[in-house]
Amino acid sequence: MTAYWCEHAWLDPAVMAGSAVSGRVRIEVEDGRITGVHPGVAPAPGDVRLPGLVLPGFANAHSHAFHRALRGHTHDAGGTFWTWRERMYAVAGRLDPERYLALARATYAEMALAGVTCVGEFHYLHHAPGGSPYADPNAMGEALIQAAADAGIRLTLLDACYVAGGLEGTGHLPLNDVQARFSDGDAVAWADRVALLRDRPGVRIGAAVHSVRAVPAEQLPVVARAATGRPLHVHLSEQPAENEACSAYYGATPTRLLDEHGVLGPDTTAVHATHLTGDEITALGATGTAVCACPSTEADLADGVGAFRWLRDAGSPLCLGSDQHATTDLLAEARLVEAHERLVTGERGRFRPAELVEALTAAGHRALGWTDAGRLAVGRRADLVAVRLDTPRTAGCAPGQLVMAAAAADVHTVVVDGRVVVADGEHVLGDVGRLLTEAIAPLWEDA
Ligand SMILES: [Zn+2]
């Protein structure tokens, strides 16, 4: 048994009435699970002392690991989401399983430094250039699984069906040369390949519909059926052009199309959900579909601002993702959701700090299929994130409002399933900056 003694801890509301923050909390851990939570006690000899505020582990509910290679490479030419996508495709074209393992390992290690204990990897880079399968048709997915294990975090592999090259008012487009790597041909072949993947400790296999532009409506039920009982994610309404094409071709909004083909529900997460009509908000909420906000990406790509407070009030749980990793700071993602709400509505406090912590922790883990994580309570997975209260950014903050001030750099210790992955701001793999440099440099050398 290991005991952690926390200056302050964000306890399950069921443990503490009133404020979620308690002082002088001893958390006992055995075999990766929390076995005891004792607020208001003195440390015992041998306890591991954690500084600042200890939060449950953060779930990064939407990631494309390879987009990390684009950070600091896309700001010189202006453009739109669609011109950014050309850069992204150029990087995608240079990855193989070995390069992908190195890049994802470093990317996930950077996430661990930011307090992430579980990542949802929305994975569509399946095959070799040109589209022919690797000897192991899941070689790229296995690289991601290995990368998360090396970085010490859990992974939900949201294997994405991607079979069409785009959507216009007249119908779907053929795949281009880069997109050929994303496709299994059709949803049935996609499901056959995904069926070869297996859950294992720290790994859950989920599914994704890339978007209504990449999966024709008649193939949506195939994906939904294959995902039964597993997390199912979908990019929804990131760009107005996609919505306009969907309405022109199908006579339905993307949300209605997904709903009519069995994609929505409490195991489903709609990513972005930016340009929605009132009817779409109602449909997402009524079906209990979660929404994943990725505000740093949505700002970087000039996507727009989603109506997340309205979605939450309609019944959609909110979770958060760093998506293309323009920054890897989940605390910043939480804060940006509230910041964007304030800018659009002229009101403060659209999301209370406790709601943002819920999105970072329990709701994010739920969206990735880990219902036993995201709270500091007996029986839950022992994921602990200690955030310092004595840095230049956080000194003087009330612990209950720390999420509105702290940054990834303030994360001191990260424990995942009872294993210390980050101690005193250092990852067990060592210098993560060096790992990222070594993984990213080859992808631009021949560009
Ligand atoms: Zn995405």
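As the structure is a prediction and not an experimental result, all values here were calculated from the model. Indexing begins at 1, ligand by ligand and atom by atom, following the structure's order. Throughout, residue positions are numbered sequentially from 1 according to the sequence presented.
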Trainee: Please determine which of Arg230, His233, Arg366 meets the side chain to side chain donor-acceptor pair (under 3.5 Å) test together with Asp267.
Mentor: Arg366
Trainee: Relative to the ring of Tyr249, is the ring of His172 parallel (under 30°), tilted (30 to 60°) or perpendicular (over 60°)?
Mentor: perpendicular
Trainee: Quick one: report the N, O or S atom of His62 that is nearest to the Zn ion (ligand 1).
Mentor: NE2
Trainee: For Arg200 and Arg198, work out which heavy atoms get closest and say how close.
Mentor: NE-O, 3.1 Å
Trainee: State whether a side-chain donor-acceptor pair under 3.5 Å links Thr394 with Asp410.
Mentor: no
Trainee: Tell me, please, if His235 has any N/O/S atom, main chain or side chain, under 2.8 Å from the Zn ion (ligand 1)?
Mentor: yes
Trainee: Taking backbone and side chain together, does His64 place any N/O/S atom at a distance below 2.8 Å from the Zn ion (ligand 1)?
Mentor: yes
